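These numbers were taken from a predicted model, which means no experiment stands behind them. For the single chain, residues carry numbers from 1 onward in sequence order.
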Amino acid sequence: MRSFLLTRFAQSLVLLLIVSVIGFVVLNLIPGGPLAQFGLDASMTQDDLNRLAEQLGLNRPLWMQYLDWAWRLVKGDWGHSFRDGAPVIEVIGRHLMATLLLMGSSTIIAIAIGTWIGVRGAIKRYSLFDYMATVGAMVALSIPTFWFGLIGIYVFSLKLGWLPAGNMYTIGDESVLNYLHHLILPSVVLALVHVAIWSRYMRTATLDVINQEFVKTARAKGLSERRILMKHVIGNALLPMITLLGMQLPSVLTGALVTETVFTWPGMGRLFLDSLGYSDYPVVMGLLMFSAILVVLSNLAADIVVAFIDPRIRLS
C-alpha cells in the first residue's frame with residue numbers, strides 16, 4: 001500500500017513539472033510576450049519597456065526565468081498581478097469560492113441524476129427509457145455548453161423570467177436564497193454534459209455487476225430485486241465511479257470556464273479569460289498551476305479512496 005501511494009505521489013509531481021514547463025514556455029512564446037499590454041500604452045517608450053523587462057527579469061534566458069519562477073512558486077511566492085500588483089494567490093482566492101460553489105453544485109446534480117438514469121437504464125435494458133436516455137446522452141455530449149447556457153438564458157430568464165440571466169447575486173441582496181436563485185441555471189447547464197457521461201458509465205458498471213456470480217447467488221437465495229439492487233449492485237457499481245469522479249475534474253473545470261463566461265459568474269474561469277486578454281501572465285500561470293494541482297490532488301484522492309475500499313488494490 002505504501003509503495004502504491006508513493007508511486008502515485010511521484011507520478012503527480014512529475015505531471016505538475018511537465019504542466020509547468022509547457023505552460024511557461026507556451027505563454028512566453030505568444031507574440032508580444034508578457035509586456036504586450038504595457039506596449040499598448042502610448043506613453044511607454046522602448047526604453048521604458050526595456051527598463052521594465054529588466055526589473056521583472058524578463059531579459060534573461062527563458063530557462064533562467066523558469067527556474068526563478070518555479071523556485072519562488074515552491075517557496076509560496078506565486079508572483080504579483082500586472083494589473084493591480086496584488087499577490088497572485090490572493091487574486092485566485094477572491095474567485096476560488098465562486099468556482100468551487102459552481103463545480104460542487106453541478107457535480108452533485110450530475111452524480112444524483114446520472115446515477116439514477118444509469119441504474120434504471122441497466123435494470124430496464126433496451127426499454128423505451130433506456131433508448132431515450134441513450135439518445136439524450138448523445139445529444140448532451142454533442143452540443144457545446146455555451147449553447148445550453150444561451151438557450152437557458154433565453155427560455156428561463158428572458159421568456160419566463162423564472163431565473164436571473166447572470167451574476168452571482170443581486171446587488172443589495174446577499175441572502176442565501178438569492179445566491180441559490182442565481183446558482184440554479186449555471187449549475188444545471190454545467191451538469192448536463194456530466195449527467196450524460198455519468199449515466200453512461202453507471203449503466204455499464206451496473207450491467208457488469210448484475211451479471212456477476214454473487215448477484216446470481218443472492219437471487220438464488222430468494223432475496224428481493226430491490227434488496228439485491230440496494231445492497232449488492234449499486235455499491236459495487238459505484239466503486240469505479242470514484243475514479244471517474246477524479247478524472248472528470250478537468251472536464252468540469254473546462255466547462256466552468258465557459259459557463260462562468262456565459263453567466264458572468266465571478267469565478268476562476270472568468271478570471272482566466274480576463275487575465276489572458278490583459279496579458280497578466282503571473283495570474284494566468286498561477287491559475288494554470290492551481291488548476292493542475294486541483295486535478296492532480298483529486299485523482300490522487302480518488303486512487304487512495306479506491307485503494308482503501310477495494311481490498312484487491314490494497315493487497316496488491
Side-chain angles (χ1 to χ4, degrees), residues 97-124 127-169 179-206 234 237-238 240-270 272-273 291 294-295 298 302:
M97 288 310 299
T99 295
L100 292 181
L101 180 62
L102 180 60
M103 289 174 54
S105 59
S106 66
T107 301
I108 292 173
I109 293 172
I111 291 175
I113 299 177
T115 299
W116 178 78
I117 293 175
V119 173
R120 185 175 176 83
I123 295 174
K124 298 183 178 296
S127 65
L128 178 61
F129 177 87
D130 190 27
Y131 284 122
M132 290 179 62
T134 301
V135 172
M138 295 302 103
V139 171
L141 290 171
S142 302
I143 298 176
T145 304
F146 73 86
W147 190 87
F148 282 124
L150 295 176
I151 293 298
I153 291 173
Y154 179 77
V155 174
F156 295 103
S157 298
L158 299 181
K159 289 298 182 180
L160 299 177
W162 292 353
L163 298 170
N167 294 320
M168 192 173 178
Y169 58 89
Y179 275 97
L180 292 176
H181 193 215
H182 283 75
L183 180 64
I184 293 173
L185 194 53
S187 60
V188 170
V189 167
L190 181 57
L192 282 175
V193 174
H194 301 97
V195 167
I197 297 173
W198 192 273
S199 64
R200 293 295 87 196
Y201 275 99
M202 192 64 193
R203 179 183 182 275
T204 303
T206 304
I234 293 181
L238 282 173
M241 298 297 102
I242 299 174
T243 304
L244 176 65
L245 184 61
M247 293 172 59
Q248 272 195 307
L249 185 59
S251 177
V252 176
L253 280 171
T254 304
L257 188 149
V258 177
T259 306
E260 288 175 3
T261 303
V262 172
F263 291 97
T264 60
W265 190 265
M268 294 196 304
R270 188 178 173 194
F272 180 83
L273 290 179
S291 302
L294 280 181
V295 171
S298 67

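Residue pairs satisfying the side chain to side chain donor-acceptor pair (under 3.5 Å) criterion with at least one member in residues 131-152, sequence neighbours excluded, are listed as follows: T134-R200. Annotation: salt bridge (Lys or Arg N to Asp or Glu O under 4.0 Å) contacts involving residues 240-253, sequence neighbours excluded, are absent. Contacts classified as salt bridge (Lys or Arg N to Asp or Glu O under 4.0 Å) and involving residues 139-163 (residues at least two apart or in different chains) are not found. Evaluation of the side chain to side chain donor-acceptor pair (under 3.5 Å) test over residues 99-120, restricted to residues two or more places apart or in two chains, returns T99-E260, T115-W198.
Considering I153, L185, V189 as possible partners of V262, the one that fulfils the side chain to side chain contact (heavy atoms under 4.5 Å, CB included) test is I153.
Taking all atoms of both residues into account, the shortest heavy-atom contact from H182 to W265 is O-CZ3, 3.8 Å. Of all heavy-atom pairs between V195 and A110, the closest is CG2-CA, 3.5 Å. Of all heavy-atom pairs spanning A98 and G267, the tightest one is CB-CA, 4.0 Å. Of all heavy-atom pairs spanning P186 and T259, the tightest one is O-CG2, 3.6 Å. Contact between V193 and A140 at its shortest, heavy atoms only, is CG2-O, 3.6 Å.
Distance CG/L100 to CG/L294: 7.0 Å, rounded to 0.5 Å. Once rounded to the nearest 0.5 Å, the distance linking OG1 of T261 with CG of L273 reads 4.5 Å. We find the CZ-CD1 distance between F156 and I184 to be 10.5 Å, quoted to the nearest 0.5 Å. Once rounded to the nearest 0.5 Å, the distance linking NE2 of H194 with CD1 of I109 reads 12.0 Å. Taken from CG in L158 to CG in L163, the straight-line distance is 11.5 Å, to the nearest 0.5 Å.
Remark: M138 CE is packed, more than 12 non-hydrogen atoms of other residues, nucleotides or ligands lying under 6.0 Å away. Shown here is Y154, whose OH atom has no more than 12 heavy atoms of other residues, nucleotides or ligands within 6.0 Å. For Y201, the OH atom sits in a loose shell: 12 or fewer heavy atoms of surrounding residues, nucleotides or ligands are nearer than 6.0 Å.
At a threshold of 4.5 Å between non-hydrogen side-chain atoms, the residues V119 and M202 count as touching.
Scanning for ring-ring contact (aromatic ring centres under 6.0 Å, His included) contacts around Y179 gives Y169, with sequence neighbours left out. When the side chain to side chain donor-acceptor pair (under 3.5 Å) test is applied to T264, the partners found at least two apart in sequence or on another chain are N167.
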Residue pair R203, D130: steps toward the side chain to side chain contact (heavy atoms under 4.5 Å, CB included) verdict: CA-CA 9 Å; R203 179 183 182 275; D130 190 27; 2.8 Å; yes
